[in-house]
Asker: 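I'd like to ask you about the structure that follows.
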Amino acid sequence: MKRVVFGCSGSESIECAIKIMRSYWDNRGLNKKKKIISFTESYHGTYYGGISAGGLERSCHDNIGPCLPEMQFINGSFQAHMCARCSFDCLNEVEELINREKELIAGIIIEPILASKGGIIPCTGFLRNLVRICKENDILVTMDEVATGFYRTGSDFYFRALEVSPDIVCLSKGINSGYLPLAATVVSERIVLGFTRSGQLLQHGSTQGGNLLACASMIASLEQYNQLSGEFIQKAPLFKSILNDALVGLDAVEYVYCAGFMFGIALVNKANDFDFSDILEIRKRLLYKGVIVYYSEIGLTLMPILTMEIEEWKKAVRVIADELCAWTKSNGAR
Ligand SMILES: Cc1ncc(COP(=O)(O)O)c(C=O)c1O
């Protein structure tokens, strides 16, 4: 990666990535390449670019539309364990789309783990081949690593674990652990050359983007990452086994997802039809007990701070397990 455009939020970084992908082709005279592909189940923030590319909660946009035109959604929730014998049939849909419309498609935005959908982890083979097909067909690849970047998934960036080379990477959150508003849209040499050769400037910049205070907090965080990366890599599997030991097999738990320090607990009380209001209620009860969790339509999402001690994690997991057991007991006969 060659250059960074600083901004103030993950949403701004997505906005910037969409502008880069569209203008890259426009600068080369290919002004029909405007379409942006993304996953039906993805979340890309709250600006118009992000809500237009975000597949989740599209129904909530009715009163704020119209969103950006030329957005195309594909299914991204193919999970390795869902295919009995993988033949990558899951790529048929996108291959057809790309063959049909590559002259119109500027790029794809990939949320590599569908965190807002509950931590769904798409099959790595699917993601790798998706990137390959896009690259072979002149479709720029943006990885939205706003949530997954900076060791959240156990490795520094998820695209590195996937062994793919995106053209653009969107970063925020972990860049400074959220202490100050900061985002980075990081671009490859290909993008830089596209702009410099055409003599065009990127039409993006925000007054506070890359301000000194936020950058100081980023540098301090990066130093910590460099020092502690070995510890994070060792700790992630321990966190996973602690969570699995405490939760797998409980009546309220359907299954547990895990990628590094990103956990999803799918809650299904088979006998009682767990619904969304139950999930919100459990989240509220956990909050009163001092454990802050996030939620999705399928259950709870946990994103512990990476420096959390093992003992603290055990304690938090115990509170969650106890709450889920108590929930099953009190709602079992509903
Ligand atoms: C994958 C992803 N992209 C983009 C965003 C938007 O980031 P921000 O809330 O900083 O605007 C988020 C935030 O949750 C996210 O998880």
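We count residues from 1, following the sequence as given. Ligands are counted one by one from 1 in listed order, and the atoms in each one are counted from 1 as well.
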Asker: Quick one about Thr148 and Glu145 (side-chain donor to acceptor, distance below 3.5 Å, no hydrogens or angles considered), yes or no?
Answerer: yes

Asker: Rounded to the nearest 0.5 Å, how far does CH2 of Trp25 lie from CD1 of Ile139?
Answerer: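 It comes to 8.5 Å.
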
Asker: What does the 4.0 Å heavy-atom contact list look like for ligand 1?
Answerer: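 Shell around ligand 1 (4.0 Å, heavy atoms): Ser9, Gly10, Ser11, Tyr43, His44, Gly45, Glu111, Asp144, Val146, Ala147, Lys173.
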
Asker: Under a 3.5 Å threshold, yes or no: a donor from one side chain and an acceptor from the other, between Ser77 and Asn75?
Answerer: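 Checked: Ser77/Asn75 side chains pair up, N/O donor to acceptor below 3.5 Å.
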
Asker: Side-chain donor-acceptor pair under 3.5 Å between Tyr179 and Ser221, yes or no?
Answerer: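 No donor-acceptor contact under 3.5 Å links the two side chains.
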
Asker: Decide ring pair (Phe, Tyr, Trp, His ring centres under 6.0 Å) for Phe150 and Phe157; before the verdict, give the C-alpha distance in whole Å, the side-chain angles of both, and the deciding distance to 0.1 Å.
Answerer: CA-CA 6 Å; Phe150 300 101; Phe157 300 102; 5.0 Å; yes

Asker: For Cys8, does its backbone N or O pair with a side-chain atom of Glu12 as donor and acceptor, under 3.5 Å?
Answerer: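 Yes, Glu12 side chain to Cys8 backbone: donor-acceptor pair under 3.5 Å.
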
